[in-house]
Protein chains: 2
Amino acid sequence: MSEISAAFPSPGHNHDHCVDQALADARSVCRRRGARFTEQRARVLELIWQSHRPLGAYQILDQLRTEGRSAQPPTVYRALDFLQDLGLVHRLASLNAYCGCVAPGAQHQSQFLICRECGVVAELREQAILRVVTEAAVSRGFRIDETSIEVAGICPDCARKPSR
Amino acid sequence: MSEISAAFPSPGHNHDHCVDQALADARSVCRRRGARFTEQRARVLELIWQSHRPLGAYQILDQLRTEGRSAQPPTVYRALDFLQDLGLVHRLASLNAYCGCVAPGAQHQSQFLICRECGVVAELREQAILRVVTEAAVSRGFRIDETSIEVAGICPDCARKPSR
DNA sequence: ATTAAATATGTTACATTATAACATATCATT
DNA sequence: AATGATATGTTATAATGTAACATATTTAAT
Ligand SMILES: [Zn+2]
Ligand SMILES: [Zn+2]
Ligand SMILES: [Zn+2]
Ligand SMILES: [Zn+2]
């Protein structure tokens, strides 16, 4: 499984390597879980990882279609459901978009920093955040099933750039 | 302005009072900001507060129509935009639904506990959560504009009930 | 009071996101 | 080869949200 990556991808890194690693990880997760990593599913995951920012379902659909595949919305949503179930991608509710998980296979509740300017996303897995949220919940007798923690703002790269 | 309410509304409380208070608060906020608290806007806010759970835009639309008002989607979305701008309602991204703000007028980033069983929502304003999220962000050079922190699970009431 | 500007609402049409339902194909097992 | 399980194709539609332009209402000047 791949190492933990920095919060935001560094501008100059070899992203092809990230994609390859993500696909290899996915293959391994599927094998371990007895799930089929079909061409469609692999291609959808690859498209998500190749993109520098989260992709909407219909953006993925458009891509598949330009590749000559016969694709309809259910094609994409089924693949996305599958990938989510296996923890290979996350859905960002505030964007209606999907991004690759940086720690597939491990059970986790993540937090997301989303740049309003360039769209880049950092997936955090901060125990401190989860801890304080859990404390707040249990002190009110609430049992947490799932968290959706998404923070919009400006990433370091965009903050450096002049105004705009 | 109304006092800070408990996390989850107690089952036996007088909810009409909550609604009246929310409308009064809204009127006051609008006056202070020089905004018009029109019939439509008041009615949308009232519907949201009267509901025991967050309302979708088209649920609100249906209500308005049964009251004989000529209403189309833009009618509702405009009112919702207005109410959000003034901090009178919040949009829950994970539900595509809207709930009344428990502390209107004050600038704040809230967190929401959402019961999967009964739909009830608790709006929290935990400084500790905001603090640790902010720390995580700034340590990565990220400037926060807005948070969307929504936690799905089971509320105390539903937890007490037998299985289901 | 009259006019003009700003604000709010009505109305039609459409864009975007997601799912239901059923047919067909592919894969795994016997 | 036959069977059941899983995956995909296909059509249609549901659910959520917005663009654009016309009309009405309120507010502020004249
Ligand atoms: Zn993840
Ligand atoms: Zn950025
Ligand atoms: Zn609030
Ligand atoms: Zn409940």
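Below, chain A is the first sequence line, B the second, and so on; all start at residue 1.
- Contact annotation: side chain of A:Y58 to base of C:dA18, donor-acceptor pair present below 3.5 Å.
- Between A:L80 atom CG and C:dA18 atom C1' there is a gap of 11 Å when expressed in whole angstrom units.
- At D:dT8, none of the side-chain N or O atoms of A:S70 fall inside 4.0 Å of OP1 or OP2 (strictly under the cut-off).
- Of the charged side-chain nitrogens involved, none lies within less than 4.0 Å of a carboxylate oxygen, so that B:R27 and B:D25 do not count as a salt-bridged pair.
- Electrostatic pairing of B:E117 and B:K161 does not count as a salt bridge here, judged by no charged N lying under 4.0 Å from a carboxylate O.
- Ranked by how close their nearest DNA chain D nucleotide is to the 5' end, A:P73 and A:F82 are led by A:F82.
- OP1 or OP2 of C:dG10 has at least one side-chain nitrogen or oxygen of B:Q40 nearer than 4.0 Å.
- In this structure, CG of B:D62 is placed 13 Å from C1' of D:dT16, rounded to the nearest angstrom.
- At the phosphate of C:dA18, OP1 or OP2 sits under 4.0 Å from a side-chain N or O atom of A:R91.
- A:Y77 has a side-chain polar atom (N or O) that falls below the 4.0 Å cut-off from OP1 or OP2 of C:dA18.
- Of the candidates C:dT17, C:dA20, D:dT18, the closest approach to any side-chain atom of A:P74 belongs to C:dA20.
- Between B:Q72 and B:T38, the residue anchored nearer the 5' end of DNA chain C, judged by the nucleotide with its closest heavy atom, is B:T38.
- Following rounding to the nearest Å, A:L61 (CG) and D:dT11 (P) show an atom-to-atom distance of 14 Å.
- Atom CD in A:Q59 sits about 11 Å away from atom P in C:dT16, given to the nearest Å.
- When the P atom of D:dT6 is taken as reference, atom CG of A:D85 falls 14 Å away, rounded to whole Å.
- On a pure distance criterion of 3.5 Å, no polar donor-acceptor pair joins the side chain of B:R78 and the base of D:dG17.
- Going from atom CD of A:E39 over to atom P of D:dG9 covers 12 Å, rounded to whole Å.
- Proximity of A:N96 to the phosphate of C:dT16: no side-chain N or O atom is located under 4.0 Å from OP1 or OP2.
- Across all strands shown, B:F37 has no heavy atoms under 4.0 Å from either base or sugar-phosphate atoms.
- At distances below 3.5 Å, not a single donor-acceptor pair connects side-chain atoms of A:R33 with backbone N or O atoms of A:L86.
- Considering every non-hydrogen atom in both B:A57 and B:Y98, the closest pair reads N-CE1, 4.1 Å.
- A salt bridge does not link B:E126 with B:R131: every distance from a Lys NZ or Arg NE/NH1/NH2 to an Asp or Glu carboxylate oxygen is 4.0 Å or more.
- At the phosphate of D:dA5, neither OP1 nor OP2 sits under 4.0 Å from any side-chain N or O atom of A:R36.
- B:R31 places its CZ atom 13 Å from the P atom of D:dT27, with the value rounded to the nearest Å.
- For D:dT8, the OP1/OP2 oxygens have a side-chain nitrogen or oxygen of A:R41 closer than 4.0 Å.
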